[in-house]
**Student:** 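I am attaching a structure below and will ask some questions about it afterwards.
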Amino acid sequence: MIASGVLGATIAGETLAWIPFVSPLPAPGPWWWLLLCPLVLGISMSWKAVRLTDFDRYWSSVIGMTLQILLGMAGLTAALLLLVRFVIPLLPV
Amino acid sequence: MLLLSKTFILLVIGVGAALAGRGWLAYLLAWALPGLGHWWLGERRRAVLAGGSVIGLFAAGLLIGGLDSVDQREDGPWFLAQAWNGPIAFLADFGNEQVLKSGRVGELVPSPAPASAPGAPPGQTMVSTLKGIGVVNDVGTLYIALGGLMNLVVMLDATARARRASEEEE
């Protein structure tokens with residue numbers, strides 16, 4: 001990992017074939033942030049696996065926690081967007 | 001750099017086992033293979049769900065970010081979190097050294113990055129053409145680091161359950 005936000009996934013750019021588990025996924029462009037959704041699901045699964053006393057409502061708890069985190073991140077994103085686009089430009093230079 | 005070395009990280013994990021008291025075996029088993037601590041305690045379903053999700057995060061991280069997602073030499077601070085995945089993290093780092101950094105897969109090309117590789121002329125840094133430099137590589141690194149921290153939670157839970165079981169036996 002030597003830089004972020006570069007369009008090509010590797011030093012060689014997109015010219016080499018993708019080798020699963022060796023080279024990074026071909027660049028998903030502006031949709032890279034969708035990769036955070038399975039990450040949140042995995043974290044919720046492991047957290048609920050250790051926290052719940054019985055597993056009758058395991059999957060509903062996992063989905064609930066996943067949605068809470070995703071909505072929280074979306075809310076923070078919206079708040080930061082408002083701050084950067086609208087509030088900061090109003091400040092005196 | 002001592003604080004980021006593999007020896008130091010293994011020492012920290014060893015000290016954790018010593019502090020785990022009666023739960024030391026569950027702690028070490030949970031580190032050796034995510035979920036194994038709970039499996040040993042007889043909590044099979046919890047073991048499969050907790051261990052499966054941690055291993056799933058690790059595998060997804062490698063699939064998304066490539067082998068370069070685990071790099072103790074260049075991404076030492078990230079490896080501090082990734083090491084809690086267990087020996088699989090050390091194995092992936094070894095694989096990165098042997099496959100990408102050695103140039104066995106892909107090619108080694110000159111790079112301005114501050115990392116020297118085997119075979120590089122003095123003063124010249126070499127880097128694999130398969131080295132990840134995009135945001136997906138960062139996401140892969142994040143998956144494995146957060147999976148490692150979640151396995152630390154799983155390890156502590158297995159330790160606490162083992163200690164409780166031990167106290168109830170007395």
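Note that this is a predicted model, so its numbers are computed, not measured. All chains are named by letter (A, B, ...) in the order of the sequence lines, taking the proteins before the strands, and each is independently numbered beginning at 1. Scope of the values below: all heavy atoms of this structure, side chains included, with no hydrogens, waters or symmetry mates.
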**Student:** Taking side chain as C-beta onward, heavy atoms only, is B:W39 less than 4.5 Å from B:L33?
**Tutor:**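 In short, these two side chains do not touch, never coming nearer than 4.5 Å.
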
**Student:** For B:V154, does its backbone N or O pair with a side-chain atom of B:N151 as donor and acceptor, under 3.5 Å?
**Tutor:**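 Absent.
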
**Student:** Atom CH2 of B:W24 and atom CG of B:L19: how far apart are they, to the nearest 0.5 Å?
**Tutor:**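 That separation rounds to 14.5 Å.
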
**Student:** Please round to the nearest 0.5 Å and tell me the distance separating atom CG of A:L71 and atom CG of A:L67.
**Tutor:**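 Separation between the atoms: 6.0 Å.
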
**Student:** Is there a side-chain contact between B:L149 and B:V153 in this structure, where contact means two heavy atoms from C-beta onward sitting under 4.5 Å apart?
**Tutor:**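 Of all side-chain heavy-atom pairs linking B:V153 with B:L149, none is under 4.5 Å.
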
**Student:** Chain B contacts: which residues in residues 53-62 of chain A have a non-hydrogen atom closer than 4.5 Å to it?
**Tutor:**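 Interface residues of residues 53-62 of chain A: A:T53, A:F55, A:Y58, A:W59.
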
**Student:** Would you call A:L70 and A:M73 a side-chain contact if the rule is heavy atoms closer than 4.5 Å?
**Tutor:**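 A:L70 vs A:M73: side chains touch.
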
**Student:** As an exercise, state the distance from CD of B:E167 to CZ of B:R22, rounded to the nearest 0.5 Å.
**Tutor:**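 These two atoms lie 6.0 Å from each other.
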
**Student:** Verify, without hydrogens or angle tests, whether B:W31 (side chain) and B:A17 (backbone) share a donor-acceptor contact under 3.5 angstrom.
**Tutor:**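 Not confirmed, B:W31 side chain does not pair with B:A17 backbone.
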
**Student:** Select all residues of residues 46-56 of chain B having any heavy atom within less than 4.5 Å of some heavy atom of chain A, and report them by number, or 'none'.
**Tutor:**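 Result: B:R46, B:L49, B:A50, B:S53, B:V54.
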
**Student:** With the side chain counted from C-beta on, respond yes when B:V135 and A:W33 share a heavy-atom pair under 4.5 Å apart, and no when they do not.
**Tutor:**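 B:V135 vs A:W33: side chains apart.
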
**Student:** Once you round to the nearest 0.5 Å, how far does CD of B:Q82 lie from OG1 of B:T141?
**Tutor:**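 The OG1 atom of B:T141 is 6.0 Å from CD of B:Q82, to the nearest 0.5 Å.
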
**Student:** Check whether more than 12 heavy atoms from other residues, nucleotides or ligands sit under 6.0 Å from atom CZ of A:R51, and answer yes or no.
**Tutor:**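 Atom CZ in A:R51 is not crowded, with 12 or fewer foreign heavy atoms closer than 6.0 Å.
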
**Student:** Whether the side chain of A:S23 engages the backbone of A:I19 through a donor-acceptor N/O pair (distance < 3.5 Å, no angle test) should be reported.
**Tutor:**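 The answer is yes, because a donor-acceptor pair under 3.5 Å joins these two groups.
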
**Student:** Using 4.0 Å as the upper bound for N to carboxylate O, is an ion pair formed by B:E74 and B:K131?
**Tutor:**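 So B:K131 pairs with B:E74 through a salt bridge.
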
**Student:** Nearest 0.5 Å, please: how far is CG in B:D68 from CG in B:N96?
**Tutor:**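 Spacing of CG (B:N96) from CG (B:D68) equals 5.0 Å.
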
**Student:** Which residues in residues 36-43 of chain A have a heavy atom less than 4.5 Å from any heavy atom of chain B?
**Tutor:**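 Checking residues 36-43 of chain A against chain B gives A:L36, A:P38, A:L39, A:G42, A:I43.
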
**Student:** Side chain, backbone, both or neither: which part of B:L146 has a heavy atom under 4.5 Å from chain A?
**Tutor:**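 Interface part for B:L146: side chain.
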
**Student:** Report yes if some heavy atom in the side chain of B:F79 is under 4.5 Å from a heavy atom in the side chain of B:D71; otherwise report no.
**Tutor:**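 Contact flag for B:F79/B:D71 side chains = no.
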
**Student:** So B:E107 and B:L130, do their side chains get closer than 4.5 Å, heavy atoms only?
**Tutor:**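 Side-chain contact under 4.5 Å: no.
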
**Student:** Is there a donor-acceptor pair closer than 3.5 Å between any side-chain N or O of B:W84 and the backbone N or O of B:M150?
**Tutor:**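 Flag not set: sc B:W84 to bb B:M150 has no pair under 3.5 Å.
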
**Student:** Go through the atoms of A:W47 and report whether side chain, backbone, both or neither lie under 4.5 Å from a heavy atom of chain B.
**Tutor:**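 The answer is both parts of A:W47.
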
**Student:** Sort by residue number and list every residue of residues 80-93 of chain A having at least one heavy atom under 4.5 Å from chain B.
**Tutor:**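 Residues of residues 80-93 of chain A touching chain B at under 4.5 Å: none.
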
**Student:** With a 4.5 angstrom heavy-atom cut-off, could you sort out which part of B:L63 is near chain A: side chain, backbone, both or neither?
**Tutor:**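 Contact with chain A involves both backbone and side-chain atoms of B:L63.
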
**Student:** Taking atom CD1 of B:I88 and atom CG of B:D93, what is their separation to the nearest 0.5 Å?
**Tutor:**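 Between atom CD1 of B:I88 and atom CG of B:D93 there are 13.0 Å.
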
